[in-house]
Amino acid sequence: MLFSLGIWGVAAQPAHEAASLPEPEKTAVVIVDMWNSHWCMTASERVSAMVPRMNAVLDIARSRGMQVVWNPSDVVTAYAGYPQYERAVAVERRHPPVVRDVPEAKFTASGDRCMCGPGFACGGNYGWDGMHPDLVIADGDLISSSTGEIYSLLSEKGITHIIYMGVHTNMCVYGKPGALSFMWQAGFDCLLARDLNDAFTRYDPATGYTPDDGTAEIDGNLQTAGIALVNMGEAFRKAGLWKSAAPVDYVRFTPWGKPERPYLMEQSTRVTLTAPWLEGSEIRYTADGSEPTAQSPLYTSPLEIGQTTTLRATAFRKGKAVSLPALACYVKMAPEQPPKPDVYLEDLDYITNGYLKTWPEALWYPEKWKSFEGKPLRVRGKTYAHGLGFRAPSAVQYEIQPEYERFVALAGVDENMLAVDNARSLAIHSSVVFRLFIDGKLVAESPVMRLSQEPWRFDVEIPEGSRHISLACMDAGSRNTLDYGNWVDAGFIINKHN
């Protein structure tokens, strides 16, 4: 039995917007991927931005009798031992029939290697190892990732319709096993939650094209192919099923870095702020670390950020905050590469810690000319002949000679792990901070560095009379056995005039 979307409170909709929905017990909600990380930092943060709204929508869907199925594809076995997973793999298998052709969706929105736009592109990896930790997986949910399994689970329950959510619409939501195209082919009527999906497209600040525009374009392509869309949040609100006034959306930044994974820039970057599901709101922002208020600067056009900055933004309507407070982090690095040193560190002897005399195996000292694991020194796709490979946390100290004028180096996360299936399930765990001390005083440090980021640039003048210099490779707060960092092309520039 079908009932009108009018009962759900949905007003007139565009062409191919769902005009009716099945009874809730005939409906499943399938969420694709929603991983806890992505090689593109902007893509990763856009996933995080959907989580509060998704939790609220799914809570209502469950209360109405809809079956929720999580489809985290290549990380599904991370949930082995969960009752929701074990129930799914125990289902009696049925072979999915081919009832009709796959929807011929012609995706017109082009994509770049990452969605951060101009500047340093994020390096690709398969580093996620689970779904976003803030997603609520209820006792009655199921966790599965194969077409046959999901078909068997849903057909056994008499489900005829599937509402899809997740990422990325033009890739995984459409084409992964168990995703929209295969379940449509098997005879299910499939809808797309247009407020809870995100496509992998691009950011072009020169033309004002944002990932929100890309997602809308991809959603339109699916509409044209015959897939109906539904704004789940709006439908539930207008039907009186969503009664809470608590905000569930964030203002979105593009590009979007965070303190634990900042956006690095050489000169400046143009940042666009959007709030696609907060119609009639105005965005207020700050760049001084304070929380925005209704009196903070009004966002009217993209912001040109040329210095290390933490942006905060909130959407307001009639002076009241209607979004969750959002944050983005941008870090400016030295605009030029440092020169190569005259004296390389690996050609010098470092000062050893006194503890080595009694227990040398207890301390992690760096490897010379290679990574800590004894592999080539690799940072952001480049192999270096000179440098030291560290495992965090560790540090070394050197004596400063009178002729040493400057210390220069590049520093980044060792990326040998990419050689094994593109760092699958590993890349998320590598994060280090590099610090430089002269006579015990911190004189330079990197932000948090992640796999395949542009290496941090050090070019530090050495004060006259300095005695010692220390290089540290620290964990970034989540100490892990994969915290490998390389100081490369590191050493001293000699004062040629002495």
Side-chain angles (χ1 to χ4, degrees), residues 2-3 5 7-10 17-18 20-35 47 50-73 76 79 82-85 87-88 91 131-132 134-147 149-169 172-174 176-184 186-198 219 222 227-239 241-242 248 277:
L2 300 181
F3 64 91
L5 269 176
I7 295 177
W8 289 48
V10 176
E17 189 85 3
S20 60
L21 284 176
E23 293 291 345
E25 62 270 17
K26 298 281 188 181
T27 305
V29 179
V30 174
I31 308 101
V32 179
D33 293 342
M34 290 296 290
W35 294 314
V47 171
M50 285 195 289
V51 169
R53 173 178 278 255
M54 186 171 286
N55 280 336
V57 164
L58 292 178
D59 190 49
I60 297 171
R62 295 184 190 101
S63 74
R64 302 295 292 173
M66 296 183 183
Q67 177 64 59
V68 173
V69 181
W70 300 92
N71 180 3
S73 62
V76 66
Y79 299 92
Y82 282 55
Q84 299 92 331
Y85 172 84
R87 290 199 305 271
V91 68
M131 290 185 287
H132 195 286
D134 293 337
L135 288 166
V136 176
I137 302 174
D139 292 342
D141 295 353
L142 297 167
I143 302 175
S144 180
S145 69
S146 75
T147 299
E149 229 170 58
I150 293 178
Y151 173 80
S152 301
L153 289 165
L154 300 189
S155 59
E156 181 180 75
K157 291 177 176 290
I159 287 170
T160 57
H161 288 63
I162 302 173
I163 300 170
Y164 274 95
M165 304 175 182
V167 296
H168 283 109
T169 320
C172 306
V173 174
Y174 180 77
K176 279 280 184 75
L180 190 152
S181 62
F182 293 107
M183 302 309 286
W184 174 275
F188 290 90
D189 288 329
C190 299
L191 299 86
L192 180 68
R194 61 188 178 94
D195 55 331
L196 287 166
N197 79 92
D198 200 41
D219 287 358
L222 284 170
I227 302 300
L229 306 185
V230 57
N231 183 325
M232 294 294 288
E234 188 69 10
F236 284 150
R237 283 192 189 280
K238 291 189 175 181
L241 300 174
W242 190 340
V248 294
W277 307 116

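Just so you know, these numbers come straight off a predicted model, no measurement behind them.
One N or O on the side chain of Ser181 and one on the backbone of Tyr174 form a donor-acceptor pair closer than 3.5 Å. Gln67 contributes a side-chain N or O that, together with a main-chain N or O of Gly140, makes up a donor-acceptor pair within less than 3.5 Å. Judged by distance alone, with hydrogens and angles left aside, the side-chain atoms of Asn55 form no donor-acceptor pair with the main-chain N or O of Ile137 at under 3.5 Å. Remark: the backbone N or O of Gly233 is paired with a side-chain donor or acceptor of Asn231 at under 3.5 angstrom. Judged by distance alone, the side chain of Asn71 and the main-chain N or O of Val30 form no donor-acceptor pair under 3.5 Å.
A donor atom on one side chain and an acceptor atom on the other are not found under 3.5 Å apart for Lys26 and Thr160.
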Exercise for the section: Let me see the working for Val32 and Met165 under side-chain contact (heavy atoms from CB on, under 4.5 Å), right down to the final yes or no. Expected result: CA-CA 6 Å; Val32 179; Met165 304 175 182; over 6 Å; no

List the steps, then state whether side-chain contact (heavy atoms from CB on, under 4.5 Å) holds for Arg194 with Trp277. CA-CA 10 Å; Arg194 61 188 178 94; Trp277 307 116; 3.9 Å; yes

ask   = So Phe236 and Val57, side-chain contact (heavy atoms from CB on, under 4.5 Å) or not? Walk me through it.
value = CA-CA 8 Å; Phe236 284 150; Val57 164; 3.8 Å; yes

I would like to know whether Tyr151 and Met183 meet side-chain contact (heavy atoms from CB on, under 4.5 Å); could you show each step before the answer?
CA-CA 7 Å; Tyr151 173 80; Met183 302 309 286; 3.9 Å; yes

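For Tyr79 and Tyr82, the gap between ring centers is short of 6.0 Å.
Here CD of Gln84 is found 8.0 Å from CG of Leu142. Values are rounded to the nearest 0.5 Å. Within the model, atoms CG of Asp141 and CG of Leu135 stand 10.5 Å from one another, a figure rounded to the nearest 0.5 Å. Separation of atoms CZ (Phe188) and CD1 (Ile162) is listed at 5.0 Å; rounding is to 0.5 Å. Of the inter-residue distances, the one linking Ile31 atom CD1 with Met54 atom CE reads 6.5 Å to the nearest 0.5 angstrom.
With sequence neighbours excluded, no residue satisfies salt bridge (charged side-chain N to carboxylate O under 4.0 Å, His left out) with Asp219.
A side-chain contact (heavy atoms from CB on, under 4.5 Å) with Val69 is found for one member of Ile143, Val29, Ile159, Leu154 and no other, namely Leu154. Between Arg53 and the options Asp195, Asp59, Asp198, a salt bridge (Lys or Arg N to Asp or Glu O under 4.0 Å) holds for only Asp195.
Side-chain contact between Leu192 and Val173 is present, with heavy atoms from C-beta onward closer than 4.5 Å.
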